[in-house]
Amino acid sequence: MTFGVRNIVGIHRLHNGQTNYSTPLVFKNYSQWSYWQRKAFDYLIWCHLGHALDFSAALLCWLWIFPMTFPEAHEWNFKWVSRVFLYNLACEFIIYSFWHWLTYSRLSPYSQGPLKKKKYNPVNQYEEKGQSNLSREVTFTTLGWLQSAFVQCVFMWLWASGRLPYYSDFWSRPFFSILILLAVTFWREFHFYWIHRLMHPWWSVKNGLRQGDIGAFLYRHFHSLHHRSRNPGPWSGLSMHPVEHFVYYTCAYFPLLFTCHPLHFLYAKFHADIAPIGGHDGFDDPAGGADFHYLHHAFFECNYGVPLIDFDRLFGTYKEYVKKPSKTNDNEKLN
């Protein structure tokens with residue numbers, strides 16, 4: 001999940017010594033609901049609300065950037081293309097830098113307070129001597145955003161030049177428009193699992209193309225770069241090889257298959273841009289709380305997807321994070 005107001009308020013509560021830091025802002029009795037009530041809420045409402053930041057970036061792009069760029073997008077020129085790229089880079093450095101400041105920066109009072117104890121791995125990977133984790137992750141994350149911005153420019157050009165059909169009035173097809181918008185959440189998780197699983201060894205990491213193990217080949221030459229972030233942080237999620245970026249962003253290519261509104265594309269694109277932050281920040285609730293994906297970075301051959309669409313349980317690759325109290329810190333173990 002992307003971080004949001006709930007996470008920020010929770011971190012502030014934790015910092016001030018409040019014990020109710022995980023209490024939802026609106027649905028305060030959520031923990032008292034039955035198992036199926038919570039599941040229904042998660043699948044019908046929370047899975048969408050949890051990506052409000054991604055949608056806000058997409059909506060702002062549609063309402064602000066599109067009107068000043070789309071009329072010129074039928075022909076390639078520096079003016080409109082540069083505005084698209086600048087908007088994307090601004091989103092990257094404002095959103096990613098804010099979460100990095102809140103959770104890791106020595107200049108942040110929150111990262112130096114009780115939140116420290118919520119880190120799955122107590123080592124600050126960005127301060128290790130002789131390491132260049134931060135510069136590597138920022139560099140490859142930025143390359144990802146640049147590729148994402150280029151994909152946006154391509155689709156804008158295809159639409160504006162009449163090469164690809166679209167409709168501009170979102171409410172001219174209200175049911176369809178809302179349905180596709182809601183479906184983006186589930187499509188993203190479905191797509192992520194399969195392209196991610198594709199890039200891990202199908203049988204053994206020692207294999208290659210001669211053994212028919214395309215996953216081992218892709219892991220060795222491309223996806224292994226992402227796994228250099230064994231102790232992940234906010235910049236780790238998009239820290240990928242450009243080839244993996246290309247595969248990853250195909251989640252937003254569905255306008256090639258059917259006519260849709262540009263906002264559908266923008267939501268899928270910014271969902272892919274921003275959502276990895278919470279899943280990789282390396283902290284328990286009230287921060288990202290993505291212990292599921294933390295274990296994937298720690299142990300590689302487990303938890304390939306996300307709990308929303310739980311293919312890992314189906315295919316036997318699910319591992320659970322269990323906190324075992326000790327005198328110094330919490331240690332994790334695998335069930």
Side-chain angles (χ1 to χ4, degrees), residues 2-3 92-93 95-97 99-101 103-105 111 119-148 192-209 213-251 272-284 287-306 312 317 319 321 332 334:
T2 308
F3 72 85
E92 176 197 355
F93 284 102
I95 297 171
Y96 275 70
S97 297
W99 202 245
H100 178 89
W101 171 83
T103 55
Y104 282 90
S105 175
S111 66
K119 195 171 186 307
Y120 298 125
N121 185 330
V123 176
N124 186 336
Q125 66 275 28
Y126 297 132
E127 295 183 351
E128 289 184 273
K129 293 183 179 180
Q131 299 293 325
S132 56
N133 294 320
L134 183 59
S135 60
R136 183 190 73 252
E137 292 181 1
V138 171
T139 297
F140 283 101
T141 293
T142 302
L143 288 176
W145 276 87
L146 290 174
Q147 187 171 149
S148 167
F192 173 72
Y193 174 85
W194 287 108
I195 62 104
H196 188 198
R197 187 65 188 90
L198 173 71
M199 290 198 163
H200 273 263
W202 298 356
W203 297 292
S204 172
V205 72
K206 298 179 181 179
N207 288 340
L209 293 179
D213 199 330
I214 299 173
F217 174 84
L218 293 174
Y219 181 86
R220 187 177 304 115
H221 295 285
F222 305 115
H223 189 53
S224 58
L225 172 64
H226 179 68
H227 274 279
R228 289 179 65 183
S229 302
R230 192 176 179 90
N231 180 11
W235 297 91
S236 304
L238 273 185
S239 181
M240 309 173 187
H241 191 285
V243 171
E244 184 174 356
H245 282 137
F246 175 80
V247 178
Y248 177 72
Y249 282 114
T250 57
C251 66
D273 289 328
I274 299 170
I277 300 175
H280 290 83
D281 70 3
F283 285 87
D284 199 354
D291 52 11
F292 183 88
H293 197 69
Y294 167 76
L295 287 181
H296 175 73
H297 276 259
F299 297 98
F300 299 104
E301 303 304 321
C302 65
N303 297 3
Y304 297 103
V306 293
D312 286 290
T317 54
K319 297 295 181 184
Y321 183 93
E332 68 267 12
L334 292 177

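When reading the values below, keep in mind they use all heavy atoms of this one structure, side chains included, and skip hydrogens, waters and symmetry mates.
- A donor-acceptor pair under 3.5 Å links the side-chain atoms of R220 to the main chain of N207, judged by distance alone.
- Aromatic rings from H227 and Y219 are positioned such that their centres are separated by under 6.0 Å.
- A donor-acceptor pair under 3.5 Å is absent between the side-chain atoms of D213 and the main chain of P201, judged by distance alone.
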Applying side chain to side chain contact (heavy atoms under 4.5 Å, CB included), run through N133 and E128 and close with a yes or a no.
CA-CA 8 Å; N133 294 320; E128 289 184 273; 3.7 Å; yes
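- Using a 4.5 Å heavy-atom threshold, the side chains of N231 and K119 count as touching.
- Judged purely by atom type and a 3.5 angstrom limit, S239 has no side-chain atom pairing as donor or acceptor with the backbone of T141.
- Evaluation of the side chain to side chain donor-acceptor pair (under 3.5 Å) rule for H297 yields H226, H280, H293 as partners, not counting sequence neighbours.
- Proximity of a side-chain donor or acceptor of T139 to a complementary backbone N or O of S135 within less than 3.5 Å is detected.
- Using the six-membered ring where Trp is involved, Y126 and H100 have ring planes that are tilted, between 30° and 60° apart.
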Would L218 and W202 count as a side chain to side chain contact (heavy atoms under 4.5 Å, CB included) here? Give the steps.
CA-CA 10 Å; L218 293 174; W202 298 356; over 6 Å; no
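- With D281 contributing its side chain and G288 its backbone, the two residues share a donor-acceptor pair below 3.5 Å.
- H196 is linked by a side chain to side chain donor-acceptor pair (under 3.5 Å) to H200, H223, H296, counting only residues two or more places apart in sequence or in another chain.
- Ring-plane geometry between Y96 and W145 is classed as perpendicular, the angle between the planes exceeding 60 degrees on a 0 to 90 degree scale with a lower cut at 30.
- Evaluation of the salt bridge (Lys or Arg N to Asp or Glu O under 4.0 Å) rule for D273 yields K269 as partners, not counting sequence neighbours.
- Residues satisfying the salt bridge (Lys or Arg N to Asp or Glu O under 4.0 Å) test with D284, not counting sequence neighbours, are K323.
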Intermediate values then yes/no, side chain to side chain contact (heavy atoms under 4.5 Å, CB included), W235 and S97
CA-CA 9 Å; W235 297 91; S97 297; 3.8 Å; yes
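- With hydrogens and angles ignored, the 3.5 Å screen pairs a side-chain donor or acceptor of Y120 with a backbone N or O of D291.
- Ring centroid separation for the pair F217 and H221 comes in under the 6.0 Å cut-off.
- Counting only heavy atoms from C-beta outward, the side chains of E137 and P232 never approach each other to under 4.5 Å.
- In this structure the side chain of F140 never reaches within 4.5 angstrom of the side chain of S229, judged on heavy atoms.
- Side-chain contact between T317 and N303: absent, with no pair of heavy atoms (C-beta onward) separated by less than 4.5 Å.
- Annotation: salt bridge (Lys or Arg N to Asp or Glu O under 4.0 Å) contacts of E301 (sequence neighbours excluded): none.
- Formation of a donor-acceptor pair under 3.5 Å by the Y249 side chain with backbone atoms of A272 is not found in this model.
- Partners of Y104 under the side chain to side chain donor-acceptor pair (under 3.5 Å) rule, at least two apart in sequence or in another chain, are Q125.
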